[in-house]
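Working notes, beginning with the structure itself.
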Amino acid sequence: MALTGRTALVAALGTLLVGFVLPSWSGLLAVQLPLLLAILYDLWRAAPVRTLQFTRSGDTSVRLDDAAEVHLTVTNPSGRPLRAALRDAWPPSSWQPDADTASSRHVVTVPSGERRRVTTRLRPSRRGDRRAERVTVRSHGPLGLAARQGSHAVPWSLRVLPPFTSRKHLPARLARLREMDGRTSLLTRGEGTEFDSLRDYVTGDDSRSIDWRATARRDSLAVRTWRPERDRHILVVLDTGRTAAGRVGDVPRLDAAMDAALLLATLATRAGDRLDLLAFDRRVRASVQRRTAGDVLPALVDAMAPLEAELVESDTRGMASAVLQRASQRSLVVLLTALDASPVEEGLLPVLPLLTRRHSVLVASVADPRINEMATARGSAEAVYEAAAAARTLTERRNTADRLRRHGVTVVDALPDALAPALADTYLALKAAGRL
């Protein structure tokens with residue numbers, strides 16, 4: 001049971017009446033007894049809450065920062081009309097930090113034996129699964145003095161997917177891919193290209209591409225066209241250990257790595273290559289394998305959505321073992337991790353020979369823009385100390401990257417906004433050189 005503000009107002013007015021007009025027990029009884037009877041009547045006439053029936057429908061997934069709608073249908077099987085205030089409870093992260101959560105509160109009137117639908121609009125601020133568990137209903141009587149209140153378990157789950165903000169870089173990379181693939185007037189040739197077809201020679205073509213045997217059988221010079229090798233295997237490994245939990249700019253390192261992985265996956269599938277995903281710290285957190293080109297991107301975003309960084313040191317030896325199990329043939333292993341000196345020297349470097357012996361290895365890391373800002377700071381003693389600390393950090397990162405390169409590893413170290421296009425450019429360069 002719940003009493004409304006109207007009840008409090010009537011009780012206050014009755015108290016004044018008793019105090020100034022009927023200051024006696026009989027006066028108090030004369031004023032408050034009708035109010036008590038009115039409250040009991042209101043409770044009796046209010047539609048019961050326990051018998052209400054609820055069903056949900058609407059969106060089950062949404063990209064981060066986009067809006068979603070979840071519908072709640074209320075059915076009133078009782079013989080009394082329902083006049084209710086309804087709260088559809090969701091976690092606070094189901095809205096932006098400065099957003100009004102009033103969309104989860106509704107006022108609904110449902111005649112006897114009928115149903116009504118209300119809509120809760122969500123705009124999540126974090127990745128992952130957002131779950132609604134309970135709906136709280138306050139059913140008011142006709143006088144508006146009292147209400148019946150109760151809750152119903154009406155589960156629903158909304159999966160918030162990575163935003164894939166780097167897709168704006170995709171058209172430029174696809175244009176470069178078309179140039180490499182020989183589908184524009186600019187044709188390229190590299191160690192990893194394979195013969196595609198013959199065409200007539202035009203001014204500017206490389207004379208080394210002239211096919212003299214084919215030219216002898218026709219009236220004009222014939223030139224071989226080349227295309228990059230296809231059907232190569234790429235394994236993207238997300239390190240979900242403690243280093244992935246650090247924030248760079250406005251996002252965690254893990255989110256920036258996911259965005260780069262999505263751009264790489266989209267580009268690789270367009271290039272005719274096969275891409276798998278492995279998320280690992282001390283155990284496998286997510287895995288996507290053997291998906292068709294059309295299913296890769298949906299499978300990746302669905303697998304990445306609930307991932308969170310674990311505050312544990314990653315088991316790089318276990319990670320290498322998991323990679324070797326999933327990549328039986330020569331592959332490009334893209335490891336998205338941090339370039340911190342200690343984890344790389346103590347964890348990654350000892351297991352690198354296991355990977356580089358059979359695969360091409362690429363390590364991509366997110367750099368912290370705050371370090372670059374600190375490195376240029378001057379003007380006070382504190383700023384100079386910060387600049388010295390930042391310079392030391394940058395030097396350590398460069399030294400760590402150089403050590404990886406000496407082991408035959410390709411290294412991409414870029415700021416959060418630049419990591420995805422830098423990784424895509426490196427993939428295209430390796431593909432053109434036949435190093436996948």
Side-chain angles (χ1 to χ4, degrees), residues 127-129 162 233-248 251-262 264-265 275-290 299-300 302-368 393 396-397 399-413 416 419 423:
R127 279 186 303 101
D129 292 330
H233 181 238
I234 302 169
L235 178 59
V236 176
V237 183
L238 284 177
D239 182 357
T240 57
R242 64 168 183 84
T243 56
R247 297 187 70 86
V248 286
V251 298
R253 272 194 173 93
L254 182 59
D255 287 35
M258 288 180 181
D259 195 50
L262 291 176
L264 176 62
L275 185 137
D276 294 336
L277 171 74
L278 173 67
F280 194 96
D281 42 68
R282 289 187 176 274
R283 63 180 179 87
V284 176
R285 299 289 177 177
S287 179
V288 176
Q289 291 182 277
R290 293 185 290 274
L300 287 182
D302 190 61
M304 291 177 178
L307 283 179
E308 296 292 345
E310 300 292 328
L311 299 181
V312 295
E313 198 71 42
S314 296
D315 177 13
T316 50
R317 189 166 295 276
M319 183 184 296
S321 177
V323 169
L324 295 176
Q325 289 177 2
R326 286 163 173 76
S328 57
Q329 62 181 15
R330 183 169 180 81
S331 307
L332 173 64
V333 177
V334 180
L335 175 58
L336 290 154
T337 186
L339 275 181
D340 298 347
S342 178
V344 171
E345 292 177 2
E346 298 176 7
L348 183 58
L349 285 177
V351 302
L352 267 181
L354 298 175
L355 298 177
T356 55
R357 188 180 304 121
R358 294 175 53 183
H359 306 294
S360 297
V361 180
L362 188 159
V363 173
S365 179
V366 187
D368 190 347
T393 301
E396 289 179 350
R397 289 181 69 88
N399 292 338
T400 302
D402 290 340
R403 293 192 64 180
L404 290 173
R405 291 188 181 100
R406 286 196 293 271
H407 283 77
V409 176
T410 303
V411 179
V412 176
D413 186 19
L419 178 65
L423 180 58

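Not measured: the values here are computed from a predicted model.
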Would you say that H359 contacts L324 through its side chain, given a criterion of any heavy-atom pair below 4.5 Å between the two side chains? yes
Closest non-hydrogen atoms of R326 and L235, given as atom of the first, atom of the second and distance, are CB-CD2, 4.4 Å
Exercise for the section: Check whether more than 12 heavy atoms from other residues, nucleotides or ligands sit under 6.0 Å from atom CZ of R317, and answer yes or no. Expected result: no
* Asked: Any ion pair linking R127 and D255 (charged N to carboxylate O, less than 4.0 Å)?
  -> yes
With P162 as partner, the option from L300, L262, L307 fulfilling side-chain contact (heavy atoms from CB on, under 4.5 Å) is L262
Do L355 and L335 make a side-chain contact, defined as non-hydrogen atoms from C-beta onward lying under 4.5 Å apart?
no
All heavy atoms of P343 vs all of D340, minimum pair found to be CD-O, 3.3 Å
In this structure, OG1 of T400 is separated from CG of D413 (nearest 0.5 Å) by 9.5 Å
Taken to the nearest 0.5 Å, the spacing of L254 CG from T337 OG1 works out to 10.5 Å
Between D315 and R282, the two heavy atoms sitting closest are CB-CA, 4.2 Å
Nearest heavy-atom contact between A286 and A303 is CB-O, 4.0 Å
d(L348 CG, E346 CD) to nearest 0.5 Å is 12.0 Å
Discussion item. So T410 and R405, do their side chains get closer than 4.5 Å, heavy atoms only?
Written reply: no
The complete set of side-chain hydrogen bond (donor to acceptor under 3.5 Å, both in side chains) pairs with one or both residues in residues 302-311, sequence neighbours excluded, reads R159-D302
Practice prompt. Determine, step by step, whether L339 and V411 satisfy the side chain to side chain contact (heavy atoms under 4.5 Å, CB included) criterion, reporting the C-alpha distance in whole Å, the side-chain angles of both residues, the deciding distance to 0.1 Å, and the verdict.
Written response: CA-CA 10 Å; L339 275 181; V411 179; 4.1 Å; yes
Q) Checking side chain to side chain contact (heavy atoms under 4.5 Å, CB included) for the pair L352/L404: CA distance, chi angles, key distance, verdict? A) CA-CA 9 Å; L352 267 181; L404 290 173; 3.5 Å; yes
One should read off an interatomic distance between D368 CG and R247 CZ, to the nearest 0.5 angstrom, of 11.5 Å
One should read off an interatomic distance between F280 CZ and D239 CG, to the nearest 0.5 angstrom, of 9.5 Å
Heavy atoms of A309 and A244 approach each other most closely as CB-C, 3.8 Å
Heavy-atom closest pair (M319 atom, S314 atom, distance to 0.1 Å) is CE-CB, 4.5 Å
**OP:** Test side chain to side chain contact (heavy atoms under 4.5 Å, CB included) on L419 and V412 and set out the steps.
**Re:** CA-CA 8 Å; L419 178 65; V412 176; 4.1 Å; yes
Sorted by chain and number, sequence neighbours left out, side-chain contact (heavy atoms from CB on, under 4.5 Å) with T316 holds for V351
* In sequence, state the C-alpha distance, the side-chain angles, and the governing distance for R285 and L278, and then conclude on side chain to side chain contact (heavy atoms under 4.5 Å, CB included). => CA-CA 8 Å; R285 299 289 177 177; L278 173 67; over 6 Å; no
Between the CG atom in D281 and the OG1 atom in T240, the distance rounded to the nearest 0.5 Å is 3.5 Å
Using a 3.5 Å distance criterion without hydrogens, assess whether the side chain of H233 forms a donor-acceptor pair with backbone atoms of S331. no
